[in-house]
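Along the sequence shown, residues are numbered consecutively beginning with 1.
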Amino acid sequence: TLPSSIYLFFHSEDLILLLLGDKWGIITEIFSYLVIGVMTATFVTLNVEMYKAVGKAEVMTRFMLIRALVSIPVYYYTATMGVVALAMARAGLALFFSPINIMILLRTVGLSFSNYMQNLKKPVIISLFLLAMLFLVDGLVEYTHVVFIIDSVIMLFIYMYLYVTEYRYL
């Protein structure tokens with residue numbers, strides 16, 4: 001999810017305008033904040049399975065209960081401020097709770113942080129490459145729909161590479 005989240009974060013306005021039209025342009029800021037929350041999923045998605053593998057699935061349940069107890073009042077409060085504030089709160093909570101989730105996992109499973117990050121090395125490297133390519137293309141030419149298409153093609157090739165080399169059995 002990290003490469004696609006980075007792509008969506010930087011091109012949410014173009015994508016929304018292209019797919020939904022001008023009248024939906026106002027939601028680009030909200031969409032960008034929601035994508036930040038999705039970025040954190042890269043680091044915690046498999047935690048549930050790791051807890052199950054060591055016979056401690058209840059740890060994730062407890063963690064999610066505590067997260068809900070904190071998140072619900074925050075969502076309730078920020079919802080009164082508007083949709084943008086609510087989306088910002090969601091992104092902030094995701095950024096706050098993801099490292100805590102990782103720390104609990106490492107302690108529960110007995111993994112070192114370096115071993116955990118070793119498993120994420122390839123997605124992070126690919127994401128950094130994608131980010132560099134997007135900034136390179138965007139910096140070399142004036143931003144137009146052609147640049148958006150070039151960026152989209154780069155993203156497509158990255159996913160094709162991932163499919164062929166790593167994830168073809170998913």
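Atom CE of M81 has more than 12 heavy atoms from other residues, nucleotides or ligands within 6.0 Å.
What you find for I16 and W24 is that their closest heavy atoms are CG2-O, 3.5 Å. When all heavy atoms of G25 and L17 are compared, the pair lying nearest together is CA-CD2, 3.8 Å. Residue Y75 comes nearest to L93 through the heavy atom pair CE2-CD1, 3.6 Å, listed as atom of the first residue, atom of the second, then distance. Minimum heavy-atom separation, R67 to A94: NH2-CA, 3.8 Å.
Rounding to the nearest 0.5 Å gives a distance of 6.5 Å between CZ of F31 and CG of L15. One finds the CD1 atom of I66 at 8.5 Å from the CZ atom of F97 (value rounded to the nearest 0.5 Å). Separation of atoms NZ (K56) and CE (M50) is listed at 13.0 Å; rounding is to 0.5 Å. One distance of note links CG of L20 with CD1 of I27; it measures 6.0 Å at 0.5 Å rounding. We find the CD-CG distance between E29 and L34 to be 11.0 Å, quoted to the nearest 0.5 Å.
By the side chain to side chain donor-acceptor pair (under 3.5 Å) test, S32 is found to be paired with S12, residues two or more places apart in sequence or in another chain being considered.
Under the 4.5 Å side-chain heavy-atom criterion for Ile, Leu, Val, Met, Phe, Trp and Tyr, F96 and Y76 are members of distinct hydrophobic clusters. The hydrophobic cluster containing I102 also contains I100, counting ILVMFWY residues as joined when their side-chain heavy atoms lie under 4.5 angstrom apart, directly or transitively. One hydrophobic cluster, built from ILVMFWY side chains closer than 4.5 Å, holds both I26 and V83. In terms of hydrophobic clustering, with Ile, Leu, Val, Met, Phe, Trp and Tyr side chains grouped at heavy-atom distances under 4.5 Å, M60 and M103 are assigned to different clusters.
Among T78, T80, I30, the one residue that satisfies the side chain to side chain contact (heavy atoms under 4.5 Å, CB included) test with L86 is T78.
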Evaluate side chain to side chain contact (heavy atoms under 4.5 Å, CB included) for Y33 paired with R90, printing each intermediate quantity in order. CA-CA 8 Å; Y33 287 123; R90 186 190 182 290; over 6 Å; no

Walk me through whether T61 and L65 qualify under side chain to side chain contact (heavy atoms under 4.5 Å, CB included). CA-CA 6 Å; T61 304; L65 179 62; 5.7 Å; no

N/O donor-acceptor pairs under 3.5 Å from side chains in residues 105-112, not counting sequence neighbours:
unit_1	atom_1	unit_2	atom_2	d
T108	OG1	I104	O	2.8
S112	OG	S114	OG	3.2
S112	OG	N115	N	3.2
S112	OG	N115	ND2	3.3

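Side-chain N or O atoms of S98 include none that pairs as donor or acceptor with a backbone N or O of L95 at under 3.5 Å.
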